[in-house]
Q: 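The structure under discussion is supplied below as structure tokens; questions concerning it will follow.
Keep in mind the model is a prediction, meaning the values are calculated, not measured. Chain naming here is simple, since letters A, B, ... match the order of the sequence lines and numbering starts at 1 in each. Side-chain atoms are counted along with the backbone in the values below, which use heavy atoms only and exclude waters and symmetry mates.
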Amino acid sequence: MIHSPYIRKPASVQRVMGLVLLALLPGIAAYAHTVGAGILVNLGIATCTALAAEALVLALRKRPVAIALSDLSAVLSAWLVVLCFPPIAPWWLTMLGVTVAIVIAKQLYGGLGQNPFNPAMVAYCAMIVAYPALMSQWPPAGGMDFGTQLGLILGGARDIDGLTGATALDALRTGLHAGAGPVDVLRQGPAFGFLGGSGWEWIALGYLAGGLFLLAARVITWHMPAAFIATLSLVSGLFWLVDPARFASPLFHLASGGAMLAAFFIVTDPVSGATTPRGKLIFAAGVALVAWTIRNFGAYPEGIAFGVLLMNLCVPLIDMKTQPRVFGHRGGRR
Amino acid sequence: MIARLFKFHGGVAPEGHKDESAGTPIRRAPLPSRLVVPLRQSPRTTARCCVEVGQKVLKGQRIGEAEGGFGTAVHAPTSGTVVDFAPYPMAHPSGLPTRCVVIEPDGEERWIERTPFDIDAAGRDAALAWLRDCGVVGLGGAAFPSHVKLGSSGGVDTLILNGAECEPWITCDDRLMRERAAEVLAGARILFRLIGARELLIGIEDNKPEAIAAMRAAARDAGDEASILPVPALYPMGGEKQLIRALTGIEIPYGRFGAEYGVQCFNVGTAHAAWRAIVHGEPLVDRIVTLTGNVAHAGNWEVLIGTPIDELLALAGPAADTDRWLMGGPMMGFALPRLDVPVIKACNCIIAASPTLMPPPPPEQPCIRCGECARACPAELQPFELYWFSRARNFDKARDYHLFDCIECGCCAYVCPSHIPLVDYYRFAKSEIVARERDRNAADQARERFEFRNFRQDREKEEKAARFAAKAAETRARAAGEATAETPAAGAPAAASPGDAADKKKALIAAALARAQAQKAAAAAHDTEDPAP
Ligand code: SF4
Ligand code: SF4
């Protein structure tokens with residue numbers, strides 16, 4: 001027998017995920033326009049891979065496939081993977097990354113709602129460790145024509161001449177330390193962050209617009225984006241003021257597309273993130289701190305993914321320590 | 001008087017569906033063929049039957065005497081003949097039967113002699129007893145005895161009249177305020193006086209402008225200074241604690257009562273019933289019931305307590321696709337397991353539900369920890385944490401996260417995008433905890449009894465041994481005395497023996513007690529489930 005409440009708000013997981021996908025569209029459009037349409041090809045590949053992988057695992061686990069596929073959560077994970085990867089990542093790298101996200105990071109932990117780590121970030125970290133070269137090849141700042149991109153995505157042989165990412169990669173391989181010459185190169189080069197360097201501001205603006213839409217639609221709350229952006233600005237601003245030659249400005253850190261994507265779409269992943277209001281602030285601030293530190297002092301160009309995974313580990317503790325007060329306890333608020 | 005309103009956390013705003021039934025005046029339901037009046041009023045109290053089968057009764061005649069501190073009297077809702085006194089099924093999710101007096105109406109509606117009650121002459125205590133004997137209980141849905149609420153005299157400054165009526169579909173309080181505002185206000189003033197309050201606040205949701213206007217007009221006409229305060233239409237505004245919070249800013253935690261914080265809250269229907277009891281000497285024998293939902297003629301009816309619900313439903317003309325009947329609102333009510341049950345004092349609304357009106361929820365999906373439920377929870381809980389703990393049968397954790405502060409309002413389940421029947425999990429966890437508590441208490445008692453018995457048996461054994469020893473020594477001494485000349489030393493063992501035995505006995509008792517204590521301590525250490533919140 002069904003018990004009260006007998007009425008329900010017309011809400012669904014599908015609607016939540018659908019709104020997030022919708023909110024990604026401005027950023028994706030800017031991406032395709034600025035960098036090239038190659039990203040769309042990879043998005044397509046990723047979407048199909050995600051659905052196929054999810055269906056397969058669910059079938060093996062003997063779970064209803066149709067409902068799970070229609071909740072769009074796999075599609076969202078796939079899109080986030082692609083948006084973190086270089087747009088010219090070869091097809092198999094995209095497929096591999098998405099498979100890691102769906103099968104290992106999500107389904108092996110029990111599927112939707114059970115994964116302690118952000119699937120897209122797991123995929124990013126796994127791939128950057130396994131294929132650091134490919135994961136660091138970004139098209140040059142001025143964009144790249146579609147034909148070349150398509151060739152890189154679908155073709156086997158890769159001619160990476162003229163890809164500034166190679167420079168950054170060399171720097172990484174030799175072991176990057178703050179203050180060394182390559183930082184400047186890296187800072188200017190597109191290998192910084194998920195994206196980076198000049199010419200990517202439009203994409204950041206696109207993500208920002210989508211993020212504001214999610215806030216307005218009450219899909220996410222202000223806590224995470226605000227804490228992430230504030231912390232990143234604060235810490236980078238502080239160091240930049242002290243030593244502008246060594247450290248990049250806050251604006252640079254924020255305008256790198258990865259930061260806005262992370263602020264509104266990645267740290268805000270509800271499943272693997274903190275849930276209490278104060279916990280969300282701590283979580284997002286932690287991600288920003290780790291991200292900035294790795295960006296400046298770490299061995300990898302991107303720190304956000306590691307920051308997210310690290311903070312994912314802390315979520316149970318954060319949630320436990322930040323339980324909000326309960327009605328009536330601690331007296332009335334006047 | 002300008003009053004500032006306070007916000008409470010969370011809440012939801014489902015579609016009101018008030019218009020269906022709010023438009024038509026209250027009508028008097030026709031006399032049913034028979035009335036089944038339950039004597040059991042709450043899990044705690046049952047009135048004592050004071051009529052016999054075959055006896056003629058008048059309308060308002062007492063048929064059940066109040067028993068115990070929480071008991072209230074029960075009355076014949078109309079004049080007629082008592083035809084049965086037996087268990088009948090009840091309007092309760094379980095449908096379990098309880099003892100009822102069945103009355104066959106004679107159709108004359110002849111009242112007992114009704115004498116107004118003079119509070120000035122009789123005093124407060126007598127007035128409370130009068131309300132108890134008139135069967136006045138809370139008509140908002142909880143049916144809590146009013147004299148008990150009023151009994152906590154002293155320290156209550158603020159009396160709140162609850163006209164929020166926040167559940168969708170229900171309009172009985174709305175209609176009552178529109179049509180009988182003066183009486184409601186006068187009743188509120190009676191309660192106000194009995195409790196010794198200094199301030200009367202009347203909270204009405206702002207989706208009932210007519211009721212607000214009517215109450216304001218009544219206050220103006222009576223020169224009454226009560227503050228009639230429109231509050232936002234936000235479910236569960238009508239929850240007692242939520243309304244108190246909204247009007248005064250005071251938060252009353254789980255397990256505490258308003259009186260401890262200087263406020264008390266009564267439903268508008270209760271005020272009206274108190275007015276009738278004091279001013280007209282009429283006991284509570286009827287109430288207003290909203291009949292609405294999937295029906296042709298939605299509206300409010302004045303219904304005699306004990307009216308079989310199936311007879312009542314015919315008045316509304318249910319549509320053919322009606323598949324369930326809900327008692328109460330859609331957020332906190334329950335589906336009636338059967339319809340041959342009587343209207344009780346707590347029954348404010350009956351809703352015909354159909355698959356189109358209240359479709360079954362879509363299949364449950366996993367929790368995505370989106371936190372929607374936490375944002376909607378008026379108790380400021382983390383419902384999804386409670387859900388994870390309840391589901392994992394981790395009841396201690398659920399209790400740590402304040403499971404018992406949950407008021408089962410349903411806001412969390414209402415908003416959950418994964419369509420998880422969250423409240424079901426809480427009900428389950430609560431009942432499991434309560435059951436375990438009961439088992440443990442029983443086990444504790446059994447253990448104590450067992451320990452005491454062991455202790456007693458040991459003690460008796462020791463005493464017996466001591467007695468034997470003493471006797472043996474005595475015999476020996478006597479034998480020795482007979483054999484030899486009496487020496488002072490000869491008596492010594494005999495004298496020492498009982499002393500030794502007494503010491504030994506004491507030591508044994510102490511040891512047994514220490515053992516019992518240690519066992520209890522060990523049990524307590526295992527026991528992470530103290531009842532203390
Ligand atoms: S609303 Fe539902 S899905 Fe969201 S956190 Fe609460 S229980 Fe989980
Ligand atoms: S049912 Fe309980 S947990 Fe859910 S919203 Fe109401 S008080 Fe909160």
Q: Which atoms of A374(B) are under 4.5 Å from chain A, going by heavy atoms: the side chain, the backbone, both sets, or neither?
A: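 When you check distances to chain A, no heavy atom of A374(B) falls under 4.5 Å.
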Q: Show the nearest heavy-atom pair for residues G333(B) and S4(A), with the distance to one decimal.
A: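 For G333(B) versus S4(A), the nearest heavy atoms are O-CB, 3.2 Å.
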Q: Taking side chain as everything from C-beta outward and backbone as N, CA, C, O, which of these in H402(B) sits under 4.5 Å from a heavy atom of chain A? Side chain, backbone, both or neither.
A: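 Only the side chain of H402(B) comes within 4.5 Å of chain A.
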Q: Considering only heavy atoms, which portion of V415(B) lies under 4.5 Å from any heavy atom of chain A: side chain, backbone, both, or neither?
A: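 The answer is both parts of V415(B).
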Q: Specify which of C370(B), S418(B), P361(B) makes the most heavy-atom pairs with chain A at under 4.5 Å.
A: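 Going by pairs under 4.5 Å, I would pick P361(B).
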Q: On a heavy-atom basis, which atom in I7(A) and which in P14(B) lie closest, and how many Å separate them?
A: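 Scanning both residues completely, I find the closest heavy atoms to be CD1-CB, 3.8 Å.
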Q: At a heavy-atom separation under 4.5 Å, does I67(A) approach chain B through its side chain, its backbone, both, or neither?
A: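 Looking at I67(A), backbone and side chain both touch chain B.
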Q: Any chance NZ of K430(B) has more than 12 other-residue heavy atoms, nucleotides or ligands included, within less than 6.0 Å?
A: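 Enclosed: over 12 neighbouring heavy atoms sit under 6.0 Å from NZ of K430(B).
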Q: Is there a donor-acceptor pair under 3.5 Å between the side chain of Y6(A) and the backbone N or O of A335(B)?
A: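 Checking the backbone N and O of A335(B) against the side chain of Y6(A), a donor-acceptor pair under 3.5 Å is found.
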Q: Where does E372(B) contact chain A at under 4.5 Å (heavy atoms): side chain, backbone, both or neither?
A: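 For E372(B), side-chain heavy atoms alone lie under 4.5 Å from chain A.
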Q: Counting only heavy atoms closer than 4.5 Å, note whether I368(B) contacts chain A via side chain, backbone, both or neither.
A: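 The answer is both parts of I368(B).
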Q: Ignoring hydrogens, what is the shortest heavy-atom contact between H329(A) and P253(B)? Give both atom names and the distance.
A: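 Looks like N-CB, 4.5 Å.
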Q: Nearest heavy-atom pair of V423(B) and P5(A): which atoms, and what distance?
A: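 Result for this residue pair: CG2-CD, 4.1 Å.
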Q: Would you tabulate the side-chain donor-acceptor contacts of residues 14-23 of chain A under 3.5 Å, counting partners in other chains and residues two or more places apart, or write 'none'?
A:
from: Q14(A); atom 1: NE2; to: S70(A); atom 2: O; distance (Å): 3.0

Q: Below 4.5 Å from any heavy atom of chain A, which atoms of R427(B) appear? Answer side chain, backbone, both or neither.
A: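 Side chain of R427(B) only, per the 4.5 Å heavy-atom cut-off to chain A.
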Q: Looking only at heavy atoms and a cut-off of under 4.5 Å, which of M358(B), M331(B), K241(B) has the most pairs with chain A?
A: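 The answer is M331(B).
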Q: Closest heavy-atom contact between I420(B) and R8(A)?
A: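 Where I420(B) meets R8(A) most closely, the heavy atoms are O-NH1, 3.5 Å.
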Q: Are the side chains of Q382(B) and T276(A) in contact, using a 4.5 Å heavy-atom criterion?
A: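 With C-beta onward as the side chain, the pair touches.
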Q: Show your reasoning for whether side chain to side chain contact (heavy atoms under 4.5 Å, CB included) applies to D405(B) and F327(A).
A: CA-CA 8 Å; D405(B) 284 68; F327(A) 181 92; over 6 Å; no
Q: Given heavy-atom pairs under 4.5 angstrom as the criterion, report whether the side chain, backbone, both or neither of P362(B) touches chain A.
A: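 No part of P362(B) comes within 4.5 Å of chain A.
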Q: What closest approach, in Å, do V271(A) and R369(B) show between heavy atoms, and which atom pair accounts for it?
A: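 Closest approach of V271(A) to R369(B), heavy atoms only: O-NE, 2.9 Å.
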Q: Roughly how far, to the nearest 0.5 Å, is the CE atom of M320(A) from the CD atom of E385(B)?
A: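 Spacing of CD (E385(B)) from CE (M320(A)) equals 11.0 Å.
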Q: Which atoms of Y261(B) come close to chain A, meaning under 4.5 Å heavy atom to heavy atom: side chain ones, backbone ones, both, or neither?
A: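 For Y261(B), there is no contact with chain A at all, as no heavy atom is under 4.5 Å.
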Q: Side chain, backbone, both or neither: which part of M332(B) has a heavy atom under 4.5 Å from chain A?
A: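 M332(B) touches chain A through backbone heavy atoms alone.
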Q: Side chain, backbone, both or neither: which part of E15(B) has a non-hydrogen atom closer than 4.5 Å to chain A?
A: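 Looking at E15(B), nothing touches chain A.
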Q: If you apply the rule side chain to side chain contact (heavy atoms under 4.5 Å, CB included), what do you find for Q323(A) with Y401(B), and how did you get there?
A: CA-CA 9 Å; Q323(A) 281 298 309; Y401(B) 277 68; 3.2 Å; yes
Q: Tell me the side chain to side chain donor-acceptor pair (under 3.5 Å) pairs involving residues 217-228 of chain A, sequence neighbours left out?
A: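 For residues 217-228 of chain A, and leaving out neighbouring residues, the side chain to side chain donor-acceptor pair (under 3.5 Å) pairs sorted by first residue read T221(A)-H223(A), T221(A)-K280(A).
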Q: Measure L326(B) against the heavy atoms of chain A and call it side chain, backbone, both or neither at under 4.5 Å.
A: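 For L326(B), the contact with chain A is made by the side chain alone.
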Q: Counting only heavy atoms not in M95(A), do more than 12 fall under 6.0 Å of its CE?
A: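 Open.
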Q: Please check if the number of heavy atoms outside R61(A) that lie under 6.0 Å from its CZ is greater than 12.
A: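 Yes, CZ of R61(A) has more than 12 neighbouring heavy atoms, counting only those of other groups under 6.0 Å.
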Q: Please state whether the side chain, the backbone, both or neither of W388(B) comes within less than 4.5 Å of a heavy atom of chain A.
A: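 Side chain only.
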Q: Would the distance check show the side chain of E251(B) and the main-chain N or O of G328(A) forming a donor-acceptor pair, the cut-off being under 3.5 Å?
A: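 Such a contact is found between E251(B) side chain and G328(A) backbone.
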